[in-house]
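What follows is a short report on a single structure.
Position 1 is the first residue of the sequence; numbering continues from there. All values derive from a computational prediction rather than experimental measurement.
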Amino acid sequence: MNEQEIPAEQAETASPSVNPSPAMPIAEKKKFDYQGTLVLVAGVGALLWGLVSAVGTGWGFWEFTSGLKGVTWAFFLGIGALLFGALFGWRARKSINPAPRGRRWAGMLVALVYVGWVGTFLFSALSVPAIHDVSTDLADPPVFRTLQLRADNLDNIPGADDAQMKGLTPQQRWVMVHQKAYGDIRSVRINEPVPVVVAKAERLAKARNWTVAISLPEEGRMEATETSAFFKFKDDVVIRVRPTDTGEGSVVDMRSVSRVGVSDLGMNAKRVRSFLADLTGTVTAAR
């Protein structure tokens with residue numbers, strides 16, 4: 001038999017069987033997460049925009065009105081980040097190969113922090129009247145003598161178109177609005193002499209990092225300024241202390257006025273309540 005002539009059966013046995021190997025999975029290249037990046041940029045951008053607007057106002061780079069506009073537009077940008085993040089998340093639920101959630105969740109979290117922070121101020125603006133002058137004595141408010149009261153202090157008192165306050169002067173409207181919103185803010189009595197009370201008020205003001213413009217214990221008067229953290233808004237305070245009718249103890253009146261803006265978001269009322277509470281221990285109405 002010729003060596004080259006091999007039976008077909010032997011040839012089949014000799015030749016190794018070659019089975020086609022299953023196709024190896026090809027690693028898919030990860031796509032860039034455009035949606036998550038968009039939400040992240042919007043969320044972080046809103047926070048940075050708002051902080052820069054506030055801090056820049058405090059440093060004097062622009063007017064406070066421009067700073068407030070920046071904070072407001074940044075607030076809307078944060079709302080947009082939350083809405084788009086929610087939309088992209090809803091669409092990802094129906095996707096076969098959804099994009100990673102890390103960037104989207106991070107952007108939404110940052111946006112939520114900023115929106116929540118600004119939202120507290122918006123809530124305050126809606127819950128308090130648009131005034132910026134708060135006093136414990138409305139009939140005879142303490143007078144600033146060293147610090148200067150703003151010239152437009154009573155120019156924008158609400159209620160000019162209200163039927164119940166029609167024909168009233170701005171001073172009278174201020175009294176009515178003040179009484180309705182801050183009826184609990186009244187003069188307080190302390191069973192200590194006038195100079196002692198003024199000295200205590202000065203120490204308390206300095207402990208709160210207020211700038212004391214003048215303190216006259218014998219005259220029963222102190223004036224100071226508190227400056228806010230970011231915008232550096234300045235609110236002026238005057239403390240007036242007079243002896244009671246019987247000569248036993250003192251009657252304390254306090255007035256807090258914002259230098260700029262129409263509404264103080266309730267900050268002056270909070271300041272008066274807090275300061276008098278610390279000064280007296282227990283706030284009681286003067287008699």
Side-chain angles (χ1 to χ4, degrees), residues 58 117 120-121 123-125 127-129 131-147 149-150 153 174 178-261 263-287:
W117 175 61
T120 59
F121 296 102
F123 177 78
S124 297
S127 60
V128 298
I131 60 176
H132 51 262
D133 187 343
V134 173
S135 174
T136 57
D137 189 345
L138 300 179
D140 182 23
V143 178
F144 289 96
R145 296 179 181 175
T146 301
L147 299 174
L149 185 66
R150 53 189 288 185
N153 190 48
W174 172 70
H178 192 296
Q179 286 178 332
K180 183 178 180 180
Y182 307 126
D184 62 305
I185 295 180
R186 298 171 293 172
S187 306
V188 297
R189 177 172 177 172
I190 301 178
N191 294 323
E192 293 178 326
V194 171
V196 174
V197 175
V198 175
K200 183 186 294 186
E202 180 182 359
R203 291 194 299 270
L204 180 58
K206 291 180 178 179
R208 295 184 172 211
N209 294 321
W210 295 3
T211 302
V212 177
I214 192 170
S215 178
L216 301 173
E218 297 302 327
E219 293 186 15
R221 181 167 60 92
M222 186 196 78
E223 298 181 29
T225 302
E226 181 178 14
T227 305
S228 63
F230 290 106
F231 279 93
K232 301 299 181 182
F233 288 147
K234 296 183 181 298
D235 296 342
D236 295 326
V237 173
V238 54
I239 306 291
R240 182 183 66 195
V241 186
R242 296 181 291 190
T244 61
D245 295 338
T246 61
E248 298 178 357
S250 305
V251 175
V252 182
D253 284 296
M254 180 176 178
R255 186 179 185 183
S256 182
V257 185
S258 300
R259 291 188 184 180
V260 297
S263 174
D264 63 0
L265 306 182
M267 294 305 299
N268 285 301
K270 291 180 181 179
R271 181 179 299 108
V272 172
R273 291 191 187 105
S274 176
F275 189 86
L276 292 180
D278 289 346
L279 184 65
T280 62
T282 302
V283 177
T284 56
R287 294 175 182 263

Quiz prompt | Exercise: identify the closest heavy-atom pair between V198 and S215 | solution = CG1-OG, 3.8 Å
Quiz item: CG/L265 to CZ/F123 distance, rounded to the nearest 0.5 angstrom?
Solution: 12.5 Å
Quiz item: From K200 NZ over to M222 CE, what is the distance, rounded to the nearest 0.5 angstrom?
Solution: 13.0 Å
Practice problem: List the atom of V197, the atom of E192, and the distance in Å for their closest heavy-atom pair. | Solution: CG2-O, 3.8 Å
Quiz prompt | Beyond-backbone contact of V134 with I185, side-chain heavy atoms, under 4.5 angstrom | solution = yes
Practice problem: Please state whether the rings of F275 and W210 are parallel, tilted or perpendicular, taking 30° and 60° as the class boundaries. | Solution: parallel
Self-check item: Beyond-backbone contact of T225 with R259, side-chain heavy atoms, under 4.5 angstrom
Solution: yes
Quiz item: What heavy-atom pair brings S135 and W174 nearest, and what distance separates the two atoms?
Solution: CB-CH2, 4.2 Å
Quiz item: Out of curiosity, S250 OG to R242 CZ, how far, rounded to the nearest 0.5 Å?
Solution: 11.0 Å
Quiz item: If you measure only the distance, is there a donor-acceptor pair under 3.5 Å linking the side chains of K232 and T227?
Solution: no
Quiz prompt | Partner of S258 under side-chain hydrogen bond (donor to acceptor under 3.5 Å, both in side chains), chosen from N153, D264, D133, N268 | solution = N268
Quiz item: If every non-hydrogen atom of S187 is compared with every non-hydrogen atom of D137, which pair is closest and at what distance?
Solution: OG-CB, 4.4 Å
Practice problem: Indicate the atoms forming the closest heavy-atom contact of G261 with H132, along with that distance. | Solution: O-ND1, 3.4 Å
Quiz item: Judged by atom type as modelled, is there a donor-acceptor pair below 3.5 Å linking the side chain of S228 to the main-chain atoms of F233?
Solution: yes
Quiz item: Nearest 0.5 Å, what's the CZ-CZ distance between R271 and R208?
Solution: 9.0 Å
Quiz prompt | L147 and V238, any side-chain heavy atoms less than 4.5 Å apart | solution = no
Practice problem: Check whether more than 12 heavy atoms from other residues, nucleotides or ligands sit under 6.0 Å from atom CZ of F144, and answer yes or no. | Solution: yes
Practice problem: Please round to the nearest 0.5 Å and tell me the distance separating atom CD1 of I214 and atom CZ of R221. | Solution: 4.5 Å
Quiz item: Is there a donor-acceptor contact under 3.5 Å from the side chain of S274 to the main chain of K270?
Solution: no
Practice problem: Would you tell me whether D253 and T136 have side-chain atoms, one donor and one acceptor, within less than 3.5 Å of each other? | Solution: yes
Practice problem: Looking only at non-hydrogen atoms, find the nearest pair between A213 and T146 and report the distance. | Solution: CB-CG2, 4.2 Å
Self-check item: Nearest-0.5 Å distance, CD1 of residue I239 to CG of residue L216
Solution: 13.0 Å
Quiz item: With a 4.5 Å heavy-atom cut-off, do F231 and V260 have their side chains touching?
Solution: no
Exercise. Would you confirm whether E202, through its side chain, and V212, through its main-chain N or O, come within 3.5 Å as a donor-acceptor pair?
Key: no
